[in-house]
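FYI, the numbering just counts along the sequence from 1. Excluded from the calculations below are hydrogen atoms, water molecules and symmetry mates; all remaining heavy atoms, backbone and side chain alike, are included. Whatever order the structure lists them in is the order used to number ligands and atoms, beginning at 1.
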Amino acid sequence: MKILVTGMCGYIGSHTVVELLQNNYEVVGLDNFSNSKREVLDKIKQITNKEFKFYEGDMLDKNILQTIFSENKIEAVIDFAAYKAVGESVQKPVEYYINNVSSVLNLLNVMKENDVKTLVFSSSATVYGNPEKVPIKETSKTGGTTNPYGTSKLFVEKILEDLYKSDNTWNICILRYFNPIGAHKSGLIGEEPNGIPANLVPYVTKVAKGKLEYLNVFGNDYNTKDGTGVRDYIHVVDLALGHVKAIEKLKKEKQGLYIYNLGTGTGYSVLDIINTFEKVNNIKVPYKIVERREGDIDSCYSNPEKAKKELNFTAKYTLEDMLKDAWNYEKNSH
Ligand code: NAD
Ligand code: UFG
């Protein structure tokens, strides 16, 4: 099966392409390098020893999409290309809505014109807003997003629902990721945040490496076991394998609209992360407790049962594995 992967050089895209190639899928990639580096292409070849096709271009440019579909017999698309920085999205809502919503409309148009109707879309646990109850099921209420990034994901989910209602020969899988962390075992690919990281684990690895002085723990008065925020961290390689499972499901079903949480089902606090990182890597992570970060919630973790039952997907890696691999990547990178 030949799959177009948009945003293939990014954090989750690169790990997914590795798993797709290792499972004998053919990959055609697209990226504009707005948040990734070209060298990722060589790293993927190094890990897999397999060939793939790549186009440099912007998903907002309908012509590049048309070229890809006319030059390749694409059978399915996995759409990762988007901007993802929550804080930045508050400053640049127009840019976020254009890049995260208009790009998908372009893609859907070109897919329709080429009669390709199989799509896996990267959504996020952020669509649940401040969840009424944890663990979160796919049937839990969505909405109440607090930033344009989250709202852009919610909009696309709605667009995909409307599309499927209008034509039920589409075959769509929406994956709601919880918190992907870690890196490929090889240490060749991983997360490359621009500037000072906004997310916890990339910040922790930079503190451990001495590039940042200490970690700010955003609040210790949440309604959680130790007062710090609880999240469902999932190894990025597990998440990548979840995409292979989603493609297998779509291949089998031929049509439908499916929504799955991809998480482990276990919540860990910020202090759990610090303590486990220090223990498995034998390195200190100095930290200070500071004010809460605006928009943060107490606890967010998944009920992963639906993906287990319908996709045969269960995350395998432990928190220890995730934090070892995150550190291994940081040590290997410049
Ligand atoms: P990333 O920024 O590392 O990767 C996105 C890739 O898409 C980058 O390589 C970027 O250059 C490319 N890109 C962006 N806009 C593009 C455009 N218009 N045309 C072509 N390429 C474009 O992000 P990621 O962490 O790999 O996330 C992948 C997807 O998963 C995104 O849709 C993101 O919103 C979603 N997601 C991520 C997380 C997370 O914590 N990382 C959580 C939930 C959902
Ligand atoms: N945290 C700190 N210090 C930091 C960074 C984070 O204490 O420097 C805390 C946060 O307060 C939170 C936890 O660590 O309790 C996790 O924070 P992240 O920023 O790593 O992750 P979030 O859960 O806030 O958000 C992430 C992505 C979103 C996505 C969401 C759900 O950034 O895009 O997971 O998938 F929507």
* Return the residue, atom name and 0.1 Å-rounded distance of the protein heavy atom closest to atom 7 (O) of ligand 1. => G7 CA, 3.3 Å
* Step through it carefully: locate the ring centre of F80, locate the ring centre of H243, and say whether they are under 6.0 Å apart. => yes
* Asked: Which atoms of ligand 2 sit under 4.0 Å from any heavy atom of S124?
  -> 29 (C), 31 (C), 35 (O), 36 (F)
* Would you find a donor on one side and an acceptor on the other, under 3.5 Å apart, between the side chain of N99 and the backbone of E95? -> no
* Structure fact -> Near G57 (heavy-atom distance under 4.0 Å), the atoms of ligand 1 are 19 (N), 20 (C)
* **Heavy-atom gap N179 to ligand 1 smaller than 4.0 Å** => no
* Asked: What part of Y233, side chain from CB on, backbone N/CA/C/O, both or neither, has a heavy atom under 4.0 Å from ligand 2?
  -> side chain
* Cationic tip of R231 above F178 ring, under 6.0 Å, 45° of axis -> no
* To do: Using a 4.0 Å heavy-atom cut-off, say whether Y149 meets ligand 1 through its side chain, its backbone, both or neither.
  => side chain
* Neighbour count above 12 (heavy atom, 6.0 Å) for K225 NZ -> yes
* To do: Among all protein heavy atoms, pick out the one at the shortest distance from atom 17 (C) of ligand 1; state its residue, atom name and that distance to 0.1 Å.
  => N32 ND2, 3.4 Å
* **Ligand-side contact atoms (ligand 1) for residue partner P180, heavy atom cut-off under 4.0 Å** => 39 (C), 40 (O), 41 (N)
* Structural part of A198 in contact with ligand 2, heavy atom criterion under 4.0 angstrom -> backbone
* To do: Answer yes or no for K141 and Y128: cation-pi contact, defined as NZ/CZ to six-membered ring centre under 6.0 Å and angle to ring axis within 45°.
  => no
* Asked: What is the closest protein heavy atom to atom 31 (C) of ligand 1, and at what distance does it sit?
  -> F80 O, 3.1 Å
* To do: Please confirm whether the backbone N or O of G150 pairs with a side-chain atom of T145, one donor and one acceptor, at under 3.5 Å?
  => no
* Should you measure from each heavy atom of S122, which atoms of ligand 1 turn up under 4.0 Å away? -> 29 (C), 30 (O), 32 (O), 35 (C)
* Tell me, please: is S123 in heavy-atom contact with ligand 1, that is, under 4.0 Å? => yes
* How does K84 reach ligand 1, by side chain, by backbone, by both or by neither, if only non-hydrogen atoms under 4.0 Å count? -> side chain
* Asked: A125 heavy atoms, cut-off 4.0 Å: which ligand 2 atoms fall inside?
  -> 31 (C), 35 (O)
* Does any N/O atom on S36 come nearer than 3.5 Å to any N/O atom on ligand 1? -> yes
* Structure fact -> For F178, the atoms of ligand 2 under 4.0 Å from one of its heavy atoms are 35 (O)
* Asked: Are K84 and Y11 in a cation-pi setup, meaning NZ or CZ lies under 6.0 angstrom from the ring centre and within 45 degrees of the ring axis?
  -> no
* Of the side chain and backbone of Y149, name the one, both, or neither that has a heavy atom under 4.0 Å from an atom of ligand 2. => side chain
* Closest approach of any protein heavy atom to atom 26 (O) of ligand 1, naming residue and atom -> I12 N, 2.8 Å
* Asked: Can you find a non-hydrogen atom of S103 under 4.0 Å from ligand 1?
  -> no
* Asked: Which bit of A82 is near ligand 1, meaning a heavy atom under 4.0 Å away: side chain, backbone, both or neither?
  -> both
* Can N72 and K53 be counted as having a side-chain donor-acceptor contact under 3.5 angstrom? -> yes
* Just heavy atoms, cut-off under 4.0 Å: does A125 contact ligand 1 by side chain, backbone, both, or neither? -> neither
* Applying a 4.0 Å heavy-atom criterion (strictly less than), which segment of V270 is in contact with ligand 2: side chain, backbone, both, or neither? -> side chain
* Is there a donor-acceptor pair closer than 3.5 Å between any side-chain N or O of D298 and the backbone N or O of T224? -> no
* Give a yes or no answer on whether the side chain of E278 reaches the backbone of V285 with a donor-acceptor pair at less than 3.5 Å. => yes
* Has the side chain of T6 got a donor or acceptor atom that lies under 3.5 Å from a matching backbone atom of A81? -> yes
* Consider only side-chain N and O atoms of Y260 and E310, and report whether a donor and an acceptor are under 3.5 Å apart. => yes
* Any side-chain heavy-atom pair of H235 and D325 under 4.5 Å -> yes
* Just by distance, with hydrogens left out, do N261 and Y301 show a side-chain donor and acceptor under 3.5 Å apart? -> no
* Asked: Which heavy atom of the protein is the closest neighbour of atom 11 (O) of ligand 1, given with residue, atom name and distance?
  -> D31 OD1, 2.7 Å
* Asked: So which of G13, S124, S102, S14 gets nearest to atom 43 (C) of ligand 1, if we judge by its closest heavy atom?
  -> S124
* To do: Report yes or no: does a heavy atom of K153 sit under 4.0 Å from some atom of ligand 1?
  => yes
* Geometric N/O contact V217 with ligand 2, under 3.5 angstrom -> no
* Structure fact -> Quick note on ligand 1: atoms under 4.0 Å from a heavy atom of S34 include exactly 10 (C), 11 (O), 13 (N), 14 (C), 15 (N)
* To do: Output the list of atoms in ligand 2 that are nearer than 4.0 Å to some heavy atom of N216, sorted by atom number.
  => 2 (C), 3 (N), 4 (C), 7 (O), 8 (O)
* To do: Determine whether the side chains of K153 and S123 contain a donor N or O and an acceptor N or O closer than 3.5 Å.
  => no
* Which one holds for R292 and ligand 2: side chain close, backbone close, both close, or neither close, with close meaning a heavy atom under 4.0 Å? -> neither
* Heavy-atom donor-acceptor pair, N106 side chain to L60 backbone, under 3.5 Å -> yes
* Structure fact -> The atoms of ligand 1 lying under 4.0 Å from a heavy atom of C9, numbered in the order shown, are 9 (O)
* Side-chain donor-acceptor pair under 3.5 Å between Q22 and T48, yes or no? -> no
* Asked: Of the protein's non-hydrogen atoms, which lies at the shortest distance from atom 2 (O) of ligand 1, and what is that distance?
  -> N35 ND2, 2.7 Å
* Proximal ligand 1 atoms for F33, defined as those under 4.0 Å from one of its heavy atoms -> 11 (O)
* Asked: Is it the side chain, the backbone, both or neither of D296 that has a heavy atom closer than 4.0 Å to ligand 2?
  -> side chain
* So if you build clusters from Ile, Leu, Val, Met, Phe, Trp, Tyr with side-chain heavy-atom gaps below 4.5 Å, do W327 and L319 land together? -> yes
* Considering only heavy atoms, does V230 approach ligand 2 within less than 4.0 Å through its side chain, its backbone, both, or neither? -> neither
* Asked: So, is Y11 polar-close to ligand 1, with some N/O to N/O distance under 3.5 Å?
  -> yes
* Just which atoms of ligand 1 are under 4.0 Å from any heavy atom in D58? -> 17 (C), 18 (N), 19 (N)
* To do: Answer side chain, backbone, both or neither: which part of N99 comes under 4.0 Å from ligand 1, heavy atoms only.
  => side chain
